[in-house]
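It should be emphasised that the depicted structure is a prediction, and the values quoted were computed from it without experimental measurement.
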There are 2 protein chains.
Amino acid sequence: MIYSQIEDILNGFPTKNFKRGEVIYSEGEAPESVYFINFGLVGLFYIAQSGKETFLRIFDDKSIFGHRSYFAEENYHGSSIALKETQIIIVPKKECDAICEQHPQLLKLLLKQVSKDLASAELRISQLQDKSSEQRIAESLWFLKLRSPNQTWTRKEVGEYSGSSHESVARFLTKAENLGILKKEGRDIEILDEDRLLNFENVKK
Amino acid sequence: MIYSQIEDILNGFPTKNFKRGEVIYSEGEAPESVYFINFGLVGLFYIAQSGKETFLRIFDDKSIFGHRSYFAEENYHGSSIALKETQIIIVPKKECDAICEQHPQLLKLLLKQVSKDLASAELRISQLQDKSSEQRIAESLWFLKLRSPNQTWTRKEVGEYSGSSHESVARFLTKAENLGILKKEGRDIEILDEDRLLNFENVKK
DNA sequence: CGATAGATTGAGAGTTTTCAACCGATGTGG
DNA sequence: CCACATCGGTTGAAAACTCTCAATCTATCG
């Protein structure tokens with residue numbers, strides 16, 4: 001089974017639109033549905049007790065989200081928020097059960113997706129201890145730009161993805177621009193030298 | 001489907017024993033099998049470029065492991081190492097495919113497991129930024145002791161699980177013992193006051 | 001009993017955050 | 001259309017946290 005088939009299955013389901021900043025579901029809620037993105041961009045965030053936010057995952061066009069909580073049978077562990085104009089198909093639990101029943105291959109596809117996400121998350125745990133803040137910021141910039149090249153990511157979002165403060169991101173951008181690695185364009189950035197960006201630690205000097 | 005049924009399915013498969021410290025599989029290898037623990041304890045570790053190790057996951061009696069890479073169709077992203085005398089059933093890929101085919105409920109069980117692990121990993125990402133090293137050590141001690149009460153966890157292992165140095169763990173243990181929160185018993189520890197351990201930040205003074 | 005791995009403790013170093021002030025752009029309501 | 005509020009960005013300086021390094025000690029095992 002491939003992802004485009006999911007679109008066919010869900011064809012005709014009602015859609016809902018969200019503007020940037022609108023919350024699709026909130027941490028702690030019980031999952032009542034699974035979501036499919038027709039177009040747009042959604043971020044999954046966790047807000048810790050101290051108020052510190054972590055940017056956990058990105059979902060873009062033709063992605064499923066909300067399925068982790070659904071299959072784990074847990075409440076949402078984070079909140080999903082539209083990062084730009086986004087159209088979503090909301091698939092209620094009951095329909096979702098039925099679709100999974102009819103398409104056993106779908107379970108395998110989702111298991112593959114979640115398994116990959118687990119590896120990514122665990123590698124991030126390691127990098128938080130292993131890599132410098134600047135290296136993590138460099139890699140996060142590259143990753144976020146790759147995932148959504150036309151998105152103007154804020155310093156705050158990059159910080160929450162990389163595990164650093166938005167001030168550290170600003171400082172890094174200034175430094176990297178002076179080195180000719182990237183170019184600030186208003187609030188957006190353009191990466192000029194991907195190799196030097198990703199090998200920033202060796203370039204620093 | 002419940003976990004004990006898996007044992008029945010695998011009944012009769014050949015077993016293999018590992019001593020503490022023995023490697024079951026190594027990072028980077030292609031998954032050729034999935035593993036089931038008859039008895040024992042296994043840790044999944046990732047060693048970063050710098051040599052820093054991260055303790056990612058624990059598997060104990062009657063657990064499946066190695067399945068993440070198998071379903072993600074990726075090479076192992078970490079190495080699994082026996083933490084004490086452990087007996088494992090090695091289920092080759094082919095058999096595993098067949099079993100999944102015959103027991104579609106197994107896929108759902110594994111999807112549930114991996115989904116829960118993903119939430120745990122993502123919460124750990126958040127805590128690395130949100131909580132102090134001492135709080136993380138306290139929670140890791142509690143978690144590891146809960147998962148395997150009779151295991152004598154080394155400071156190094158606790159450090160690699162909590163994301164701190166083994167020296168920080170040793171300092172924490174001394175401090176917590178002086179406060180009567182736990183008791184060092186040779187290399188092992190006994191938790192005396194779980195509540196104060198888990199609310200260490202408020203107790204500190 | 002000696003060798004080795006694990007544990008402890010102190011001191012110093014370095015990284016990154018926090019706090020604060022300020023700037024600039026954007027957007028809204030009067 | 002302007003004034004003002006707000007959000008995002010930048011930069012500096014100080015503070016805090018945790019690690020690293022090093023020396024020493026202790027337990028465990030062959």
Side-chain angles (χ1 to χ4, degrees), chain A residues 19-21 48 50-55 81 83-84 126-138 140-141 144 151-178 182-189 200-201 204-205, chain B residues 19-21 48 50-55 81 83-85 126-138 140-141 144 151-178 182-190 200-201 204-205:
Chain A
K19 279 196 271 289
R20 175 172 169 87
S50 69
K52 186 159 288 189
E53 283 186 50
T54 305
F55 187 171
I81 298 170
L83 295 172
K84 65 180 185 188
S126 159
Q127 301 201 333
L128 280 168
Q129 294 154 72
D130 184 55
K131 300 203 171 173
S132 71
S133 141
E134 289 188 336
Q135 272 183 301
R136 295 189 325 256
I137 291 167
S140 298
L141 279 172
L144 293 171
Q151 181 77 1
T152 299
W153 297 101
T154 66
R155 276 60 170 159
K156 182 163 170 283
E157 285 161 351
V158 176
E160 288 168 0
Y161 197 85
S162 63
S164 54
S165 65
H166 64 92
E167 293 97 329
S168 292
V169 175
R171 277 185 254 270
F172 174 84
L173 289 175
T174 302
K175 196 195 272 191
E177 184 170 48
N178 290 338
L182 51 82
K183 191 159 166 26
K184 289 192 256 179
E185 298 187 334
R187 287 188 171 161
D188 202 1
I189 65 145
F200 189 78
E201 208 61 27
K204 235 188 197 169
K205 253 287 134 52
Chain B
K19 279 196 271 289
R20 175 171 171 88
S50 69
K52 187 160 287 189
E53 285 187 48
T54 306
F55 187 172
I81 298 170
L83 296 172
K84 65 179 186 188
E85 183 70 24
S126 159
Q127 301 199 333
L128 279 169
Q129 294 156 70
D130 184 55
K131 301 202 170 173
S132 71
S133 137
E134 289 188 336
Q135 273 183 301
R136 296 193 321 260
I137 292 167
S140 298
L141 279 172
L144 293 171
Q151 182 76 0
T152 300
W153 297 101
T154 66
R155 276 61 169 160
K156 180 162 170 286
E157 285 162 350
V158 176
E160 287 167 0
Y161 197 86
S162 63
S164 53
S165 65
H166 64 91
E167 294 97 328
S168 292
V169 175
R171 276 185 254 271
F172 175 85
L173 289 175
T174 302
K175 196 197 270 193
E177 183 170 47
N178 290 338
L182 51 82
K183 192 158 166 24
K184 288 192 256 179
E185 299 186 332
R187 287 185 173 165
D188 201 0
I189 66 145
E190 188 197 351
F200 189 77
E201 208 62 25
K204 238 186 191 168
K205 253 288 135 51

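- Annotation: salt bridge (Lys or Arg N to Asp or Glu O under 4.0 Å) contacts of Lys84(B) (sequence neighbours excluded): none.
- Mapping Arg171(B) and Lys156(B) onto DNA chain C by nearest heavy atom places Lys156(B) at the nucleotide closer to the 5' end.
- For Lys131(A), no side-chain nitrogen or oxygen approaches OP1 or OP2 of dT15(C) to under 4.0 Å.
- Shown here for Gln151(A) and Arg20(A), the closest heavy-atom pair between the two residues is NE2-NH1, 3.6 Å.
- Distances shown here put a side-chain N or O of Ser168(A) below 4.0 Å from the OP1 or OP2 atom of dT17(C).
- By the 4.0 Å N-to-carboxylate-O rule, Arg171(A) lies too far from Glu167(A) to be salt-bridged with it.
- Counting to the nearest Å, the P atom of dT16(C) and the CD atom of Glu134(A) are 7 Å from each other.
- Under 4.0 angstrom from either OP1 or OP2 of dT9(C) there lies at least one side-chain N or O belonging to Thr174(B).
- When distances are taken from the side chain of Ala170(B) to each of dT18(D), dT8(C), dT11(D), the shortest belongs to dT8(C).
- Across all strands, Gly159(B) comes closer than 4.0 Å to no nucleic acid atom at all (heavy-atom distances).
- Considering only side-chain N and O atoms, Lys52(B) lies nowhere under 4.0 angstrom from the phosphate OP1 or OP2 of dC19(D).
- When each of Arg187(A) and Gly163(A) is assigned the nucleotide of DNA chain C with its nearest heavy atom, Gly163(A) is the one assigned upstream, toward the 5' end.
- Under 3.5 Å, the side chain of Glu167(A) and the base of dC19(C) form at least one donor-acceptor pair of N or O atoms.
- Among the heavy atoms of the strands lying under 4.0 Å from Ser133(B) are primed sugar atoms or P, OP1, OP2 only; no base atom is included.
- Across all strands, Thr154(A) comes closer than 4.0 Å only to sugar-phosphate atoms, never to a base (heavy-atom distances).
- Separating the CH2 atom of Trp153(B) from the P atom of dG6(C) is a distance of 14 Å, rounded to the nearest angstrom.
- The minimum heavy-atom distance linking Glu134(B) with Phe172(B) is given by the pair O-CE1, 3.7 Å.
- Rounded to whole angstrom, the span from the CD1 atom of Ile137(A) across to the C1' atom of dT15(C) amounts to 12 Å.
- Put simply, CG on Leu128(A) is 15 Å from C1' on dT18(D), counting in whole angstrom units.
- Between the NE2 atom of His166(A) and the C1' atom of dA20(C) there is a distance of 12 Å, rounded to whole Å.
- In this structure, Tyr161(A) and Phe55(A) have perpendicular ring planes: the angle between them is above 60°, well past the 30° mark.
- Note: CD (Gln129(A)) to P (dT18(D)) measures 13 Å, nearest angstrom.
- Between Lys184(A) and dT10(D) there is a side-chain N or O to OP1 or OP2 distance below 4.0 Å.
- Going from atom CG of Asp188(A) over to atom P of dG24(C) covers 20 Å, rounded to whole Å.
- Distance, Leu173(B) CG to dG6(C) P: 16 Å, rounded to whole Å.
- Between Arg155(A) and dG8(D) there is no side-chain polar atom (N or O) within less than 4.0 angstrom of OP1 or OP2.
- No hydrogens or angles considered: a donor-acceptor pair under 3.5 Å links the side chains of Thr174(B) and Lys184(B).
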